[in-house]
Amino acid sequence: MADEYSFDVVSKLDLQEVENAVHQANKEMQTRFDFKGSISRIDWDKKELLTLFSDNEQKLKSVVDILQSKLIKRGVSIQALEYEKIENAEKATVRQPVKMKQGIESEKAKAIVKAIKEAKFKVQASIQGDQLRVTSKSKDDLQATMTFIRGQDYGLPLQFTNYR
């Protein structure tokens, strides 16, 4: 038996599911009556930036709703989306860049580690780049820590991987 158990806390997006959701959203906008004759669309750079285009702010809100519904149906957390300011684009249209957050920022990682220490679990949490590693001698303590982290809201989707 191993005398130390561990798991990693990560924040990752399934980019294939994001691509599928963007494709479905664009397809829906082409077929919907209220978008007939509109330039509404979603562009994606295949990494971390979505750009939403539309005729006006009202239609842009509809584009956001369509995108969010498609992402939710595909199991992608909308907490990972960071909406930026709406900008004016060419020919009296508007656009809105949306960044997709992946990885745990150092401030949030420190907040998670601090919360784990304050909860007095018998575990050690360490920051490793854009993820956390939590180790313990007891699997029960690790599972209690997972439950604790799931119950908190850190403003980003968290997954637990590499459970050993």
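Below, all heavy atoms of this structure are taken into account, side chains as well, without hydrogens, waters or symmetry copies. Throughout, residue positions are numbered sequentially from 1 according to the sequence presented.
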Peer 1: Taking Gln96 for its side chain and Leu52 for its backbone only, find out whether a donor-acceptor pair lies under 3.5 Å.
Peer 2: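 Not a single qualifying donor-acceptor pair exists.
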Peer 1: Filter on salt bridge (Lys or Arg N to Asp or Glu O under 4.0 Å), then keep only pairs touching residues 144-162, sequence neighbours left out; what's left?
Peer 2: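 For residues 144-162: none.
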Peer 1: Would you please say whether a donor-acceptor pair under 3.5 Å links the side chains of Gln16 and Asn20?
Peer 2: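 Checked: Gln16/Asn20 side chains pair up, N/O donor to acceptor below 3.5 Å.
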Peer 1: Any ring pair (Phe, Tyr, Trp, His ring centres under 6.0 Å) pairs touching residues 39-61, not counting sequence neighbours?
Peer 2: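 As it turns out, there is no ring pair (Phe, Tyr, Trp, His ring centres under 6.0 Å) pair with a partner in residues 39-61 once direct neighbours are skipped.
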Peer 1: Quick one: list whatever passes ring pair (Phe, Tyr, Trp, His ring centres under 6.0 Å) with Phe35, sequence neighbours left out.
Peer 2: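 Here no residue qualifies.
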Peer 1: Determine whether the side chains of Thr51 and Asp43 contain a donor N or O and an acceptor N or O closer than 3.5 Å.
Peer 2: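 Side-chain D/A pair, Thr51 to Asp43: absent.
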Peer 1: Can Gln152 and Leu158 be said to form a side-chain contact (heavy atoms from CB on, under 4.5 Å), step by step?
Peer 2: CA-CA 10 Å; Gln152 306 297 311; Leu158 298 176; over 6 Å; no
Peer 1: Taking only residues two or more places apart in sequence, or in another chain, which ones meet Asp45 in a side chain to side chain donor-acceptor pair (under 3.5 Å)?
Peer 2: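 Applying side chain to side chain donor-acceptor pair (under 3.5 Å) to Asp45 gives none.
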Peer 1: Once ring pair (Phe, Tyr, Trp, His ring centres under 6.0 Å) is applied, what residue pairs with a partner in residues 99-118 remain, sequence neighbours excluded?
Peer 2: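 Found none.
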Peer 1: Quick test of your reading: applying salt bridge (Lys or Arg N to Asp or Glu O under 4.0 Å), list the pairs with at least one residue in residues 65-79, sequence neighbours left out, ordered by first then second residue.
Peer 2: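 Found Glu17-Arg74, Glu28-Lys70.
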Peer 1: Tell me every residue that passes side chain to side chain donor-acceptor pair (under 3.5 Å) with Ser54, counting only those two or more places apart in sequence or in another chain.
Peer 2: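 Scan of Ser54 (side chain to side chain donor-acceptor pair (under 3.5 Å), adjacent residues dropped) gives Ser40.
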Peer 1: Is there a donor-acceptor pair under 3.5 Å between the side chain of Ser77 and the backbone N or O of Pro157?
Peer 2: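 It does not hold such a pair.
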Peer 1: Going by side chain to side chain contact (heavy atoms under 4.5 Å, CB included), name the residues that satisfy it together with Ile72, two or more places apart in sequence or in a different chain.
Peer 2: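 Ile72 satisfies side chain to side chain contact (heavy atoms under 4.5 Å, CB included) with Ile78 once adjacent residues are dropped.
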Peer 1: Can you list every ring pair (Phe, Tyr, Trp, His ring centres under 6.0 Å) pair that touches residues 61-103, not counting sequence neighbours?
Peer 2: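 Output for this query is empty, none listed.
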Peer 1: Can you list everything that forms a side chain to side chain donor-acceptor pair (under 3.5 Å) with Lys120? Sequence neighbours excluded, please.
Peer 2: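 In terms of side chain to side chain donor-acceptor pair (under 3.5 Å), with neighbours along the sequence ignored, Lys120 is linked to no residue.
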Peer 1: Sequence neighbours left out, what passes ring pair (Phe, Tyr, Trp, His ring centres under 6.0 Å) with Phe160? Give chain and number order.
Peer 2: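 Result, ring pair (Phe, Tyr, Trp, His ring centres under 6.0 Å) vs Phe160: Phe7.
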Peer 1: Which pairs with one or both residues in residues 117-146 pass ring pair (Phe, Tyr, Trp, His ring centres under 6.0 Å), sequence neighbours excluded?
Peer 2: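 Checked against ring pair (Phe, Tyr, Trp, His ring centres under 6.0 Å) - neighbours excluded - the pairs reaching residues 117-146 are Phe121-Phe148.
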Peer 1: Any salt bridge between Arg133 and Asp8, counting N to O under 4.0 Å?
Peer 2: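 Here Arg133 pairs with Asp8 in a salt bridge, since their nearest N and O are under 4.0 Å apart.
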